[in-house]
J.: 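My structure is below; once you've seen it, I'll send some questions.
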Amino acid sequence: MEALRVMELNHSQIEFPLSWPNQILRSLRIRCLDFCRLGTGLSSMLGHMTQLETLSLFQSTLADDQSPTEIAQLSNLKLLDLSVKSSLHPLPNGILSSLKKLEELYLGSRDHLQLGRDKEEEIGCLKEISAISNLAWLQIVLYGLNLLLLSLQEFDTQSLSRFNITVTNHGGAINLNRSYQFQKSFNLYLKGGGDEGLKQVFDPKVTSIVERTENLILNLSYSSRLRNLMPNLDENGFINLKKLDLYYGHCECLIDFIANLIAKHIFENLVSTELEYLKLKEICYGFLPPGCFNQLQEVTLYCISALECLWKGSVEPPSLCNLKSISVSGCHHITTLFSQLALKCLVKLQKIYVFDCENLKRIALREKSLAEEVLELPQLKVFALRRTSFIGFDSKYDKAVALSNQVNTKNTLKHFLSQYVNYIFKINVSSVIFVATMLISLEELKVRGCSEMCEVIGEEDEEVSQEDNAQHHDIGKRREIALGKTSKEFVFPRLSSLQLERLKNLRRFSGSHQEDYEFKFSLLTTLILVSCPKLKKFCSGKLDAPWLKKVQIGPIYIENFEAPVDLKLSKLQSLQRYKIEYSM
C-alpha cells in the first residue's frame, strides 16, 4: 500500500509491530485512529509517516509503554487532534514546537492528557503553543485563570481565526464535542472561586478574548456577585456574541443603561441565550436601545430567582422582533413575561413554554394608558403551561380573563397545553366568534392536571355590557362572514389530536347550555381521555368527527367506570366510515 494517502481505522484495538517496514504507508497524508485502544508500537509507527498532514487520535486510549515522542518528526503536520480519552504519559516537551506547519491543534482536559509532568512543564507546553506561527485553530482546556493569564502573556489570540478555550478552577474531566467547525468559543467554569476568581475575569487580557467570542459560557460560583454583565465584561457591547449561557451566581441585571454609558450596538448579533440557577432581578435597567436583541431567536430561563418580569419597560422594534421561542421553568417569583410595549415587538414569536412557575398570572402587563390596544401574537403556534397561576394574557384592566379574550393570535395557534384555570375558553354573547376564530389553526390541544376544571369551554356569560357588545360587534361580524359560521356550531377545522388527562372534576367538554350546538372536529383522528371519572358525556350538543380513528378512554382501574355515552364504541361506529381503534 505504498500509494495509500488516507487511512481511517476507528473503534478498533490495535497493536503495532515494533519493527516497521521502511516503505509501508510512507505516502500516507491523513491518518485517523479515533475511539481506539492503541497499544505497543504506536510511537514507532508514527515516526515512519513523515508525509502525514493530518493525525487524529480523538477519544482514543494511548496504552503504548513509550511516550509518543516521534510525533515531533511529523514536520508536515497541519492538523493534530490529541483530545484523547486517556494516556499513560504526559505530552513530552519539545513536540509541539517542532511542528512548524501546524495550523489546527485540539487538546482535551488533563484527566485525559497532561500537558506536562508538573506546573513548570505545563507552562512550557503553553509557550510552545504560542510559538507556532501558523496556528489558526486551537482547542484547549486550562485549569485555573492564573494559567490562562500566564499563557496570554506569551500568546496573541488575535492570530486565531477559531478557538474553543475552556478554563476551569476545579478538577474533573471536561467533555469536548468532536467538531472542527466551532467558531470562537470561550468557556469559564469558576465554581467555588467566589468573587476573587471573578475579579480575574475582568483582567484586560481575558476581556480581550471575550470581545472576540461568539459562544460564551460563564459558569460562576454560587456566591459570585456581579452587578451587571455589561459593561463590566465587554465595554464594546458583545458585538460578536451569538450565544450566551450564564449559570449560577448573583447578578443585578445583564445590562445597566442607567448607571453606565455603554455601546449602542449591544447584543445586536445574539441569537440564543440560556440563563440557569441565577439570582437575577432584571434583564435590563433602563431603556433598551434600538437594535439590542434584534437577532435574538431563543430564550431559556431555568431556576431564576428574584426575577418578576422577563421584559418590562420601554422596548421598541427591531428589538425582540426575531424572537421565536421562550421557555421559562422553575422561576418562582415571575408573575408576568412582558410589558405591553415588549409584546408589540414579538411579531415572530411561535412558542411559549412556562412550567413550574406557580406565581405566573399573565403573559403581558397591560398599561392603563394603552388599555384599548389589541394585544397580538401573530405567529404563535405553541402555548404550553404547567403548574402556574395563569389567569389570562393581560392584567386586571380587562373584564374577561379567559385565553380567548386576551390576545389576537391571527389564526396561527396550533398547539395548546394547559395545567391551569377552571376553563380555557370562556364564552359570552359577544365573543362566541373570538373563540371560533382563534381555533381555526389549532392542531393539538392537551389539558392535564387541572383539578378544578369542570368544562373546557365555559358557561355562557349573559351579563355583558352594551359597551362590550358594541366593541366586539364589528370584528365579530367580519369573522363570522369569513368563517361561514352560524351561532349554533363550534368548528375545530384543523384539530387532529385532543387529550384530556387527570381532570377529576371534568363533566363535559362544553357547557350544558350548549345542547343545541354542533361541535365539528373536521380532522380529528385521535381522542385520548385519561382519568376523567366524572365525564359522562363528551359534548352537550351534537358531535361530528368524521375522521376519528383512535379513541383511548381510561383508566380501567376506576370502579364502575363507563365511557361517555357519546363516545361508546357502538355510537362512534355508526358515525364513522373507517374502523376505530378503541381502547379502555
J.: Of all heavy-atom pairs between Leu278 and Tyr248, which one has the smallest distance, and what is that distance?
T.: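 Closest heavy-atom pair between Leu278 and Tyr248: CD2-O, 2.7 Å.
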J.: To the nearest 0.5 Å, what is the distance between CD (Glu252) and CG (Leu280)?
T.: 9.0 Å
J.: In terms of ring plane angle, is the pair Phe509 and Phe521 parallel, tilted or perpendicular, where the classes change at 30° and 60°?
T.: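 Ring orientation, 0 to 90° scale: perpendicular.
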J.: For Cys309, is there any backbone N or O sitting under 3.5 Å from a side-chain donor or acceptor partner on Thr336?
T.: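 Judged by distance alone, no pair lies under 3.5 Å.
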J.: Between Cys253 and Ile255, what is the shortest heavy-atom contact and its length?
T.: SG-O, 3.3 Å
J.: Could you pull out the closest heavy-atom pair between Lys281 and Leu307, with the gap in Å?
T.: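 Shortest heavy-atom separation between Lys281 and Leu307 comes out as O-CD1, 3.2 Å.
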J.: Can you spot which of Thr168, Asp245, Thr166 makes a side-chain hydrogen bond (donor to acceptor under 3.5 Å, both in side chains) with Asn187?
T.: Thr166
J.: If you take all heavy atoms of Ser325 and Leu349, which pair is closest and at what distance?
T.: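 Heavy atoms of Ser325 and Leu349 come nearest at N-CD1, 3.9 Å.
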J.: Please check if the number of heavy atoms outside Lys351 that lie under 6.0 Å from its NZ is greater than 12.
T.: no
J.: Taking the six-membered ring for Trp and the single ring otherwise, decide whether the centroids of Tyr247 and Tyr277 are under 6.0 Å apart.
T.: no
J.: Please check if the side chain of Asn322 supplies one atom and the backbone of Asn294 the other of a donor-acceptor pair under 3.5 Å.
T.: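 Indeed, once roles are kept as given, a pair shorter than 3.5 Å links the two residues.
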J.: Check whether any side-chain heavy atom of Ile326 sits under 4.5 Å from a side-chain heavy atom of Leu301, and report yes or no.
T.: no
J.: State whether the side chain of Asn505 and the backbone N or O of Cys454 hold a donor-acceptor pair below 3.5 Å, judged by distance alone.
T.: no
J.: Backbone N or O of Glu443 within a donor-acceptor pair of the Ser496 side chain at under 3.5 Å?
T.: yes
J.: Quick one: do Lys520 and Asp544 satisfy salt bridge (Lys or Arg N to Asp or Glu O under 4.0 Å)? Show the steps, please.
T.: CA-CA 5 Å; Lys520 292 186 175 181; Asp544 183 8; 5.2 Å; no
J.: Which heavy atom of Ala342 sits nearest a heavy atom of Leu320, and at what distance?
T.: CB-CD1, 4.4 Å
J.: Report the C-alpha separation of Ile239 and Glu268 in whole Å, then their side-chain angles, then the decisive distance to 0.1 Å, and conclude whether the side-chain contact (heavy atoms from CB on, under 4.5 Å) test is met.
T.: CA-CA 7 Å; Ile239 190 67; Glu268 66 175 14; 3.0 Å; yes
J.: Please lay out, stage by stage, how Arg508 and Lys537 fare under the test side-chain contact (heavy atoms from CB on, under 4.5 Å).
T.: CA-CA 6 Å; Arg508 61 189 69 86; Lys537 187 176 183 182; 5.9 Å; no
J.: Relative to the ring of Phe293, is the ring of Trp311 parallel (under 30°), tilted (30 to 60°) or perpendicular (over 60°)?
T.: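 Aromatic pair Trp311/Phe293 classed perpendicular.
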J.: Are the side chain of Ser319 and the backbone of Cys292 linked by a donor-acceptor contact shorter than 3.5 Å?
T.: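 Between the backbone of Cys292 and the side chain of Ser319 there is a qualifying donor-acceptor contact (under 3.5 Å).
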J.: Roughly how far apart are Leu380 CG and Leu346 CG, rounded to 0.5 Å?
T.: 10.0 Å
J.: Verify the neighbour count for atom OH of Tyr302: are there more than 12 heavy atoms of other residues, nucleotides or ligands below 6.0 Å?
T.: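 Incorrect, the count does not exceed 12.
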J.: Can you name the nearest heavy-atom pair linking Ser522 to Val491, along with the distance?
T.: OG-CG1, 4.4 Å
J.: Within the 4.5 Å heavy-atom criterion, are Leu524 and Phe492 side-chain neighbours or not?
T.: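 The answer is no; the side chains never approach within 4.5 Å.
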J.: I need the Asn359 CG to His332 NE2 distance, nearest 0.5 Å.
T.: 9.0 Å
J.: Would a 4.5 Å heavy-atom cut-off, applied to side chains only, mark Leu337 and Ile352 as touching?
T.: yes
